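Below, chains carry the letters A, B, ... as their sequence lines are ordered, and counting in each starts from 1. As the structure is a prediction and not an experimental result, all values here were calculated from the model. Values reported hereafter were calculated over all heavy atoms of this structure, with side chains retained and with hydrogens, waters and symmetry mates removed.
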Protein chains: 2
Amino acid sequence: MISDRVTQMVARLKAVNLRLTPQRLAILRILADSEGHPSIEEIYRRMKPDFPTMSPATVYKTLTLLKALGEVLELGFPDGVNRYDGSKPYPHPHVICLKCKKIMDLEMGNLQPWIEAAARETGFRILQHRLDFFGLCPECRAKE
Amino acid sequence: MISDRVTQMVARLKAVNLRLTPQRLAILRILADSEGHPSIEEIYRRMKPDFPTMSPATVYKTLTLLKALGEVLELGFPDGVNRYDGSKPYPHPHVICLKCKKIMDLEMGNLQPWIEAAARETGFRILQHRLDFFGLCPECRAKE
DNA sequence: CTTCATGCAAAACATTTGCAGCTGG
DNA sequence: CCAGCTGCAAATGTTTTGCATGAAG
């Protein structure tokens, strides 16, 4: 499953004639991990042991590139720390723990009717959306 | 309508023994304006003519305070420019133009069933949510 | 009066950019 | 080879913080 997604992204890079460097491969592997919704800093930190010369700038550049290709979903937050989902790079709902910042995907209902209603009501052409639920995860609730 | 909301926020400040300065009042008036979802920079810019000595730090401090009181809704974006809604400080859906950054409120369906489904599926205690649609507004579509 | 708010400047972060040197294909 | 990538450092932009002065209650 996981490696399928890496393979997909690798193919995409090749398709547009971009290079597959060891650094990029490592980033793709981290992003493809469905459980993680890593921040730039976390990707950097996880790579550092294997790539001692690694620089955060390379992570930023690669993520900018993957965003442009539509191969990663960027989740911005008011505190300025963005998180990334490379496993499902299309809009989908998340639950986010306000305490430990864990992010989980949700498998649930279709938003299509709402998208159409929003378009009808406002005259917008809707291209993207974002639905997130914020709260306390079971672990953090237990620690209360 | 608009002044009702300002009155509400003023009352809230008094209730917790915070001071009502001319600067704060001006910020509240801007925030209460339903049409605007201003950024910090815009609030600052709109106040500057009337408050020549105004500093952006004061806007930041006041917004931090209002956030803590739950009197303003903060909308974060990946590009780092946050926007604020003081007219309806509770979660509600928005449509956002990707080109001109206009933000409009949406009057539409109830998310309650989804909140319950998310809680059931994940074990989270859901406290907040955010639903935004991104696209092109009628004006920007016309300019294409 | 006393406490809290303002506003300046400096600091703290996240992110972007410039550029020399390196390397994948 | 050589276009494109890496990685360092400097620049940028937003937000936070420290602190002396000023004003609300």
Tell me which of T21(B) and T64(A) sits closer to the 5' end of DNA chain C, going by the nucleotide each one is nearest to. T21(B)
Nearest to the side chain of [X], which nucleotide is it out of [options]?
{"X": "M54(B)", "options": "dA5(C), dG7(C), dC5(D)", "value": "dG7(C)"}
{"X": "L18(B)", "options": "dA5(C), dC2(D), dT14(D)", "value": "dA5(C)"}
{"X": "K61(B)", "options": "dT17(D), dA5(C), dC8(D)", "value": "dT17(D)"}
{"X": "Q23(A)", "options": "dA5(C), dT6(D), dT15(C)", "value": "dT6(D)"}
{"X": "A57(A)", "options": "dT17(C), dG24(C), dG7(C)", "value": "dT17(C)"}
{"X": "P22(B)", "options": "dA5(C), dA24(D), dG25(C)", "value": "dA24(D)"}
{"X": "T53(A)", "options": "dT16(C), dA5(C), dG7(D)", "value": "dG7(D)"}
{"X": "I40(A)", "options": "dG24(C), dT15(C), dG7(C)", "value": "dT15(C)"}
{"X": "Y60(A)", "options": "dC5(D), dA14(C), dG7(D)", "value": "dA14(C)"}

Flag yes if F134(A) and I126(B) sit in one hydrophobic cluster, no otherwise; membership is Ile, Leu, Val, Met, Phe, Trp, Tyr, and two members link when side-chain heavy atoms are under 4.5 Å apart. no
What class does the angle between the rings of H37(A) and H92(A) fall in, given that below 30° is parallel, 30 to 60° is tilted and above 60° is perpendicular? tilted
Report yes or no: is there a donor-acceptor pair, N or O only, under 3.5 Å between the side chain of R19(A) and the base of dC5(D)? no
What is the separation between atom [atom1] on [X] and atom [atom2] on [N], rounded to the nearest whole Å?
{"X": "E41(A)", "N": "dT16(C)", "atom1": "CD", "atom2": "P", "value": "16 Å"}
{"X": "N82(B)", "N": "dG13(D)", "atom1": "CG", "atom2": "P", "value": "17 Å"}
{"X": "K67(B)", "N": "dT16(D)", "atom1": "NZ", "atom2": "C1'", "value": "11 Å"}
{"X": "L13(B)", "N": "dC4(C)", "atom1": "CG", "atom2": "C1'", "value": "13 Å"}
{"X": "N17(A)", "N": "dC2(D)", "atom1": "CG", "atom2": "P", "value": "17 Å"}

Think T58(B) has a side-chain N or O under 4.0 angstrom from the OP1 or OP2 of dG7(C)? yes
